[in-house]
Participant: 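Encoded as C-alpha cells, here's the structure I'll be asking about.
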Amino acid sequence: AAHCAAELSSLVILKSSLYQDCSHARVDDVFYPPDAKSVSIDGQDWPTPDLAVIRLQTPLCGAKPAALSSESLTPGTIVRTAGYSEGLWNGREADWTRVRILRSDTDFLMSLFSKPESSADRLRQMIQIEVPLFNFARPVKQVGAVCKGDSGGPVYTETGGQVSIYGITSGVLSDPKTGNSKCDGSLIQLVVPIRSERNWLLSTIRKPVEQPVQ
C-alpha cells in the first residue's frame with residue numbers, strides 16, 4: 001500500500017520471518033503509479049491508487065511467487081487476505097481470513113450502516129469518493145477482520161499451489177450496525193484492485209536495476 005511506503009527510507013528493514021538470516025532486507029527503491037494522486041477521504045489525505053512497488057537490495061527467503069491476476073473482483077467473489085497485524089500476537093495466523101466482495105454502489109453501501117440518517121451526508125460523500133477507487137469486502141466469518149498493520153497485504157486466491165493476486169488491503173470503514181471498530185468483523189474492508197495498474201506493476205517489476213557509475 002502506498003500509504004505504508006510513504007515514509008520508507010533506504011534504511012528500513014522488512015521482515016518475513018524472525019528466525020532466519022535471509023528474513024530481512026533493506027529497501028533499495030520505492031515506485032509509485034504514474035497517475036498517483038492524493039484525495040481526501042473522510043477528512044484524511046489518501047494516496048490513490050494506494051499501490052507501491054518496493055524493490056529490495058537482497059532476496060527474502062520463504063517468499064512464494066505469485067501471479068498478478070488480470071481478472072476483476074466481482075460481487076459475491078470470495079477471496080483470501082493475509083496480513084501481519086497487531087492482532088497476530090493474540091493467536092491469529094498470517095493467512096487468517098476469507099472475505100466476500102460486496103457491491104460498490106452508494107445506496108447498497110449506505111444500507112450497511114445502522115443509522116445513516118444521523119451522518120448520511122458525511123457517509124454518502126465518503127462512499128461516493130471511495131466507490132471508484134476501491135472494491136469493498138466483508139469477512140466471511142464475523143469473528144475476524146483486517147486490523148492495524150494489515151495494509152498492503154494481498155487479496156488473493158490459491159489453486160493447486162498457484163497464488164493469484166487480485167488486489168491489496170488499503171483500509172477499513174467502521175460498520176455502525178455492530179457499534180464498534182474493533183478487529184472482530186465489524187469492518188468493511190477497502191481493497192485496491194490491481195487490474196487497472198497491472199501493466200504498470202509488471203513493467204516496474206521487470207525494470208532493470210541501474211548500475212552505479214564507477
Side-chain angles (χ1 to χ4, degrees), residues 1-39 41 44-71 73 79-89 92-97 133-135 146-158 161-172 189-214:
H3 76 266
C4 297
E7 298 181 3
L8 288 180
S9 72
S10 60
L11 299 178
V12 169
I13 302 295
L14 300 180
K15 295 182 179 179
S16 61
S17 170
L18 303 177
Y19 309 108
Q20 295 175 299
D21 292 339
C22 56
S23 65
H24 60 275
R26 294 182 183 273
V27 174
D28 182 54
D29 206 348
V30 182
F31 303 90
Y32 301 97
D35 55 346
K37 61 182 180 180
S38 179
V39 299
I41 297 178
Q44 182 178 353
D45 289 336
W46 212 254
T48 59
D50 193 11
L51 290 171
V53 172
I54 297 175
R55 185 171 66 204
L56 305 178
Q57 292 183 3
T58 55
L60 289 175
C61 57
K64 188 174 185 178
L68 300 181
S69 177
S70 59
E71 299 178 10
L73 287 168
V79 290
R80 299 164 71 177
T81 61
Y84 194 74
S85 69
E86 54 192 20
L88 184 66
W89 300 106
R92 293 196 319 208
E93 298 177 356
D95 178 11
W96 50 270
T97 190
L133 307 177
F134 301 99
N135 288 122
V146 295
C147 195
K148 183 179 180 181
D150 289 328
S151 294
V155 176
Y156 68 102
T157 60
E158 184 171 5
Q162 174 63 56
V163 175
S164 297
I165 307 292
Y166 286 79
I168 61 104
T169 298
S170 177
V172 291
Q189 182 172 333
L190 279 64
V191 175
V192 182
I194 64 165
R195 186 183 183 190
S196 61
E197 301 294 334
R198 186 172 181 271
N199 289 339
W200 170 78
L201 288 166
L202 290 173
S203 64
T204 303
I205 291 170
R206 294 165 179 162
K207 187 178 298 184
V209 177
E210 295 182 4
Q211 297 299 323
V213 178
Q214 299 296 326

Participant: Quick one: closest heavy-atom pair of Ser170 and Val192, and the distance?
Facilitator: CB-CG2, 3.5 Å
Participant: Roughly how far apart are Ile205 CD1 and Trp200 CH2, rounded to 0.5 Å?
Facilitator: 8.5 Å
Participant: Apply side chain to side chain contact (heavy atoms under 4.5 Å, CB included) to the pair Val79 and Tyr156, showing each step before the final yes or no.
Facilitator: CA-CA 6 Å; Val79 290; Tyr156 68 102; over 6 Å; no
Participant: Going from CD1 on Ile168 to SG on Cys4, what distance comes out if it is rounded to the nearest 0.5 angstrom?
Facilitator: 7.5 Å
Participant: Find the distance between OG (Ser69) and CD1 (Ile194) and round it off to the nearest 0.5 Å.
Facilitator: 6.5 Å
Participant: So which atom in Val191 and which in Gly167 form the shortest heavy-atom distance, rounded to 0.1 Å?
Facilitator: CG1-CA, 4.4 Å
Participant: Taking all heavy atoms of Ile165 and all of Ala66, pick out the closest pair and write down the distance.
Facilitator: CG1-CB, 3.8 Å
Participant: Let me confirm one number: the CG-CZ distance from Leu201 to Phe31, rounded to the nearest 0.5 Å.
Facilitator: 12.0 Å
Participant: Looking at every heavy atom in both Glu197 and Pro49, which two are closest together, and how far apart are they?
Facilitator: OE2-CG, 3.6 Å
Participant: When rounded to the nearest 0.5 angstrom, what is the spacing between CG in Asp29 and CZ in Arg55?
Facilitator: 5.0 Å
Participant: So does Arg195 pair up with Glu71, basic N to acidic O under 4.0 Å?
Facilitator: no
Participant: Would you mind reporting whether Thr169 and Val155 have side-chain heavy atoms less than 4.5 Å apart?
Facilitator: yes
Participant: Using a 4.5 Å cut-off on heavy atoms from C-beta on, say whether the side chain of Asp28 contacts that of Leu56.
Facilitator: no
Participant: Under 3.5 Å, is there a donor-acceptor pair between the Thr81 and Gln189 side chains?
Facilitator: no
Participant: To check you understand the geometry: which heavy-atom pair defines the closest contact between Val30 and Ala52, and what is its length?
Facilitator: CG1-CB, 4.2 Å
Participant: What's the separation between atom OG1 in Thr157 and atom CZ in Arg80, rounded to the nearest 0.5 Å?
Facilitator: 8.5 Å
Participant: Evaluate the side chain to side chain contact (heavy atoms under 4.5 Å, CB included) criterion for residues Ser38 and Trp46: first the C-alpha distance (whole Å), next the side-chain angles of each, then the deciding distance (0.1 Å), finally the verdict.
Facilitator: CA-CA 5 Å; Ser38 179; Trp46 212 254; 5.9 Å; no
